[in-house]
There are 2 protein chains.
Amino acid sequence: MRNEIVAYLSKYTSISDELIDVITKTTIINSFKKGTLLLKEGDIPNESYFILKGCIRSYIVKEGEEKTIDFYTEEQAASPLNFGKNSPSEHYLECIEDTTVSINTPGHEQEMFRKYPQFESVCRIMSEVMLVNYRESLANYKTTTPEDRYLSLLKNRPDLVRRVPLYQLSSYIGVKPESLSRIRKRISKK
Amino acid sequence: MRNEIVAYLSKYTSISDELIDVITKTTIINSFKKGTLLLKEGDIPNESYFILKGCIRSYIVKEGEEKTIDFYTEEQAASPLNFGKNSPSEHYLECIEDTTVSINTPGHEQEMFRKYPQFESVCRIMSEVMLVNYRESLANYKTTTPEDRYLSLLKNRPDLVRRVPLYQLSSYIGVKPESLSRIRKRISKK
DNA sequence: GATGGTTCTTAACCAAAGTCAAGAATCATC
DNA sequence: GATGATTCTTGACTTTGGTTAAGAACCATC
């Protein structure tokens, strides 16, 4: 189980045996039931999660409605936006399936940076990769229609379409549930 | 001029005098005329830019239309999405005003990481800050209407609304120029 | 201040998403 | 397999944005 984290980090840069050893030994693994809220609006976040199994949804509540920001699945990091910032969260993190994660805290991270400079390098690279991913997501979202986005979900994350209820998917692609229903109908006619 | 970069980096973490000195001495400053394309679709990007003065627009061309992804102004970094990746760019970087920037290359960055470990720490922190900013932008874009976005532009970046032509602004907030025109009209009636 | 070019606004019409409301399908649980 | 709750679909109507096309406003330059 723990080796999955090392495998994930190794994708981006080579890691010394010593660091692999430390990461393996200090990693905290935890499992949560479907429906568990790992973070609520107003909470001060002090944990970030690396998903080993399951699915976490990030959403905000605006005008009484849940708006899904993102879904995180196996091999992805679900980190509160203001992780380590000591300010209250504006969003929620919910396990939408039974989920197993490794947990990271700001304190643990700082200690690792201090003791193992290579860990800082690993995190810089990861952070840069994630930065590019988010910039691409934003560019992509801005240049597509809801229908485009649903079709690309079907293509690139078909598991999500099966795993996630429509009302959560619809806000993820930027429409109301009724509209996603109509988009589905339109597509099936083509 | 060069001190602005050090001042910018110092906002996020304290920097040793030695590193300040090196950054100041090795920084390449360059100025470009309004209209200059710093990066074109298909180019292999090998420079990233930190804006000292002016404005750079990032856009892609899709179905014959320019879609503005982002505007970068003073104190912001305009970095190609695949900077240092050796793959062709999908987007353009255009100076939409006379612009002065400091230029960074992958080679220079690698050398700095090697020689000055603290530089890696500085870059990790900056990268994390930018990551949070992009995640917030994406979350924000997903949960607002074009009208919301125009109002928030007026509030948060009024300079842009003055500096940038409507057809570039409109694709930035996700509509056609005609629609932004209508949005303006709607707003003025309220 | 006339000329031409770019940028912006307006109008008429069409397509897509929002709203409201009803009802069908699905699922869990007893 | 009946019950109730949740989730999904459909329909009628409204609002908003896209499309096409025309012309107004603004600018630069001669």
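Convention: sequence-line order gives letters A, B, ...; per-chain numbering from 1. These figures come from a predicted structure and were not determined experimentally.
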Q: Please report, rounded to the nearest Å, how far the P atom of D:dT16 is from the OH atom of B:Tyr150.
A: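 It is 17 Å, rounded to the nearest whole Å.
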Q: Whole angstrom is fine here: how far is it from OH in A:Tyr167 over to P in D:dT6?
A: 10 Å
Q: Which pair of heavy atoms, one from B:Cys55 and one from B:Leu160, lies closest together, and at what distance?
A: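 Looking at all heavy atoms of both residues, the closest pair is SG-CD2, 4.2 Å.
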Q: For residues A:Lys142 and B:Ile69, report the shortest heavy-atom separation together with the two atoms involved.
A: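 Minimum heavy-atom separation between A:Lys142 and B:Ile69: NZ-O, 2.9 Å.
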Q: How about B:Ser79 and B:Ser48: does a side-chain donor come under 3.5 Å of a side-chain acceptor?
A: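 No donor-acceptor contact under 3.5 Å links the two side chains.
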Q: Rounded to the Å, how far apart are A:Leu169 CG and D:dT7 P?
A: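 One finds 13 Å between P of D:dT7 and CG of A:Leu169, rounded.
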Q: Test B:Tyr59 against every option in B:Tyr72, B:Tyr92, B:Phe71, B:Tyr167 by the ring pair (Phe, Tyr, Trp, His ring centres under 6.0 Å) rule and name the one that passes.
A: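 Exactly one option meets the ring pair (Phe, Tyr, Trp, His ring centres under 6.0 Å) with B:Tyr59, and it is B:Tyr92.
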Q: When every nucleotide of nucleotides 17-30 of chain D is labelled 5' to 3' by its protein contacts under 4.0 Å (heavy atoms), B for base, S for sugar-phosphate only, - for none, what sequence of letters results?
A: SBBB----------
Q: Report the distance from atom CD1 of A:Ile187 to atom C1' of C:dA17, rounded to the nearest whole Å.
A: 15 Å
Q: Nearest whole Å is fine: how far is C:dT6 P from B:Lys34 NZ?
A: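 Taking atom P of C:dT6 as the reference, NZ of B:Lys34 is at 13 Å.
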Q: Can the positive tip of A:Arg149 be found less than 6.0 Å from the middle of the six-membered ring of A:Tyr141, inside 45° of the ring normal?
A: yes
Q: Between C1' on C:dT7 and CG on B:Leu180, what's the gap in Å once rounded to a whole number?
A: 12 Å
Q: Have a look at B:Ile51 and tell me which of B:Thr73, B:Thr99, B:Thr100 forms a side-chain contact (heavy atoms from CB on, under 4.5 Å) with it.
A: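 For B:Ile51, the side-chain contact (heavy atoms from CB on, under 4.5 Å) check succeeds only for B:Thr99.
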Q: Taking only the side-chain nitrogens and oxygens of A:Arg184, find out if one of them lies under 4.0 Å from OP1 or OP2 of D:dT9.
A: yes
